[in-house]
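Remarks on the structure that follows.
We number each residue from 1, following the sequence as shown. Atoms within each ligand, like the ligands themselves, are counted from 1 in listed order. Worth saying up front: this structure is predicted, and the values here are computed from it rather than measured.
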Amino acid sequence: MSGLEQAPTSALPTGGQGAAGTPWPSGARRRTDGELEVAGVSVSGLAAEHGTPAYVLDEADFRARARAYRTAFEAAFAEVGAGVDVYYAGKALLTVAVARWATQEGLRVDTASGGELAVALRAGVPGTSIGLHGNNKSDAEVLAALDAGVGRLIVDSLVEIERVADLAASRGVTAPVMVRVTTGVHAGGHEYISTAHEDQKFGLAVAPGPDGGTSPALAALEAVVARPELELLGIHSHIGSQILDASGFEAAARVVLQLRADLAARTGVLVGEVDLGGGYGIAYLPGEVPLDPARIAKDVAGTVAEVSDELGTPLPRFSIEPGRAIVGPAGLTLYTVGTVKPVTVSESDADDGGTTFTRLYVSVDGGMSDNIRPALYGADYHAEIVGRESDAGPVLARVVGKHCESGDIVVHQVMLPGDVRAGDLLAVAATGAYGRSMASNYNALTRPPVLAVADGAARVLVRRETVEDLLALDQG
Ligand code: LLP
């Protein structure tokens with residue numbers, strides 16, 4: 001047993017795959033000398049060869065999570081007599097290799113722009129296995145999707161329905177579409193709220209219009225039925241992100257299945273597919289319990305079977321679009337520590353007049369440009385010193401980046417060994433989703449590489465950006 005392993009600063013397993021209660025990838029473990037290995041690759045070796053900051057992806061972990069979602073949903077929905085497809089939501093992280101891993105594990109790929117569509121196509125994902133989302137798709141994006149023969153375009157407004165139909169007509173093809181609806185159910189965290197009307201840019205409300213007339217969702221579905229250039233595949237609903245229980249999905253499924261029955265009653269068209277979106281939550285901190293795909297699949301399948309039975313409609317084919325739950329825990333970010341500065345913090349307290357404590361500001365060589373989530377959403381992360389062991393007692397630390405902005409925080413609060421110092425390697429857990437994909441060049445920082453590790457070897461999926469790359473875009 002190493003000293004570090006017992007220290008309250010570490011949640012890294014020292015053996016065994018996928019220990020519960022850890023936000024690290026299943027291939028992550030501490031060696032007895034304190035060094036972190038992922039899939040048998042030491043982080044010091046990675047840093048020496050590729051530099052920091054770097055995104056590190058555990059390929060086997062990604063594949064296992066993709067498989068777990070697919071097999072859990074297939075089994076639970078087969079139990080009630082329905083089929084299901086799992087689309088990997090590429091917005092969480094899409095590279096050519098990642099798209100291939102998803103496809104090889106039997107997933108399809110959900111894209112949200114022409115750029116994501118291009119990456120999926122470059123990976124060789126068949127067009128029929130790709131979905132294209134977007135509330136404001138350009139004509140070029142719609143045409144690229146039609147030319148690639150995508151399996152589904154998810155339409156988001158009445159004007160878009162007419163536009164996609166016209167573009168399909170111009171190409172002499174029929175466009176397969178789903179209509180994105182808003183069910184009034186919003187989820188994220190443990191609660192869900194249901195409100196009748198929506199004040200957001202996505203989808204068409206299922207709730208009746210202001211005059212109590214036809215719901216915008218129903219009107220849109222009917223508009224699709226009316227255009228022969230469009231094939232109405234079904235109804236799409238996405239209720240939120242980082243959801244940790246089934247109730248929101250179940251509530252939304254009820255609304256969507258009722259809408260499907262209403263459309264059938266009005267038009268005689270019973271759509272064959274329902275997509276319940278993504279949003280499956282993960283553990284970001286030690287001790288947090290992620291959503292269990294088997295549990296949620298069973299709960300949702302049970303609800304859709306019950307509701308279809310009540311409505312007297314045969315079950316449609318279902319699909320889901322997890323992104324974060326597949327790639328989030330598979331990734332970590334590796335940084336090098338630079339400036340370490342103790343800061344005295346005074347907090348006023350009404351009862352005893354206030355307290356003073358020391359917070360250690362630990363600066364790393366990246367920041368809000370490689371992970372905007374703490375600044376944008378107040379998201380919490382876990383970090384550890386990973387290149388060595390330490391017997392030093394834990395101190396309260398805040399990991400910050402190197403940007404010209406005081407909100408440039410990587411980890412708001414974490415216990416680190418008191419001897420943390422410049423040159424240390426620091427890893428932040430569970431950054432696989434929405435880290436690289438939301439990265440920027442703020443302060444002209446170059447975006448870090450994406451490194452995949454598997455079976456004791458590393459390979460570069462996306463190379464590090466260089467200042468030359470940035471200057472090449474600048475036309476002077
Ligand atoms: N499908 C649709 C239609 C979506 O809009 C999203 C996420 C997903 C699937 C995938 O959701 P996931 O399973 O990854 O939660 N940037 C934010 C998350 C925004 C997600 C937007 N849509 C974040 O960093 O938390």
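- A salt bridge (Lys or Arg N to Asp or Glu O under 4.0 Å) with Glu273 holds for exactly one of Arg317, Arg152, Arg260; it is Arg152.
- Under a 4.0 Å criterion applied to the non-hydrogen atoms of Asp110, ligand 1 contributes the atoms 1 (N), 9 (C).
- To the nearest 0.5 Å, atoms CG (Asp245) and CZ (Arg295) are separated by 11.5 Å.
- Regarding atom 16 (N) of ligand 1, its nearest protein heavy-atom neighbour is Tyr377 OH, 2.9 Å.
- Here the CG atom belonging to Leu94 is positioned 12.0 Å from the CZ atom belonging to Arg122, to the nearest 0.5 angstrom.
- At the shortest separation from atom 9 (C) of ligand 1 among protein heavy atoms lies Glu321 O, 3.2 Å.
- Between Phe249 and Tyr280, the ring centre distance stays below 6.0 Å.
- Environment of CD in Glu79: sparse, with no more than 12 heavy atoms of neighbouring residues, nucleotides or ligands closer than 6.0 Å.
- Comparing His133, Gln242, His236, Lys91 against atom 22 (N) of ligand 1, the shortest heavy-atom distance belongs to Lys91.
- In Ile154, neither the side chain nor the backbone holds a heavy atom less than 4.0 Å from any atom of ligand 1.
- Counting atoms of ligand 1 from 1 in the listed order, those under 4.0 Å from a heavy atom of Arg373 are 23 (C), 24 (O), 25 (O).
- Of the protein's non-hydrogen atoms, His238 CE1, 3.2 Å is the one closest to atom 6 (C) of ligand 1.
- Close approach of ligand 1 to Ser241 is summarised as follows: ligand atoms under 4.0 Å from at least one heavy atom of the residue are 11 (O), 12 (P), 15 (O), 18 (C), 20 (C).
- Looking at ligand 1, you'll find an N or O of Gly323 within less than 3.5 Å of one of its N or O atoms.
- Between His238 and His133, the ring center distance fails the sub-6.0 Å criterion.
- When each atom of ligand 1 is checked for a heavy atom of Met438 under 4.0 Å away, the hits are 16 (N), 24 (O).
- Not a single heavy atom of Tyr87 lies less than 4.0 angstrom from ligand 1.
- Between Tyr87 and Tyr69, the distance separating the two ring centers is not shorter than 6.0 angstrom.
- Between Gly279 and ligand 1 there is a heavy-atom distance shorter than 4.0 Å.
- Proximity to Arg324 (heavy-atom distance under 4.0 Å) selects the following atoms of ligand 1: 12 (P), 13 (O), 14 (O), 15 (O), 18 (C), 23 (C), 25 (O).
- A heavy-atom distance below 4.5 Å is found between the side chains of Val150 and Leu117.
- Classification of the Phe77-Phe318 ring pair by plane angle, with boundaries at 30° and 60°, yields tilted.
- Residue Pro322 places a heavy atom less than 4.0 Å from ligand 1.
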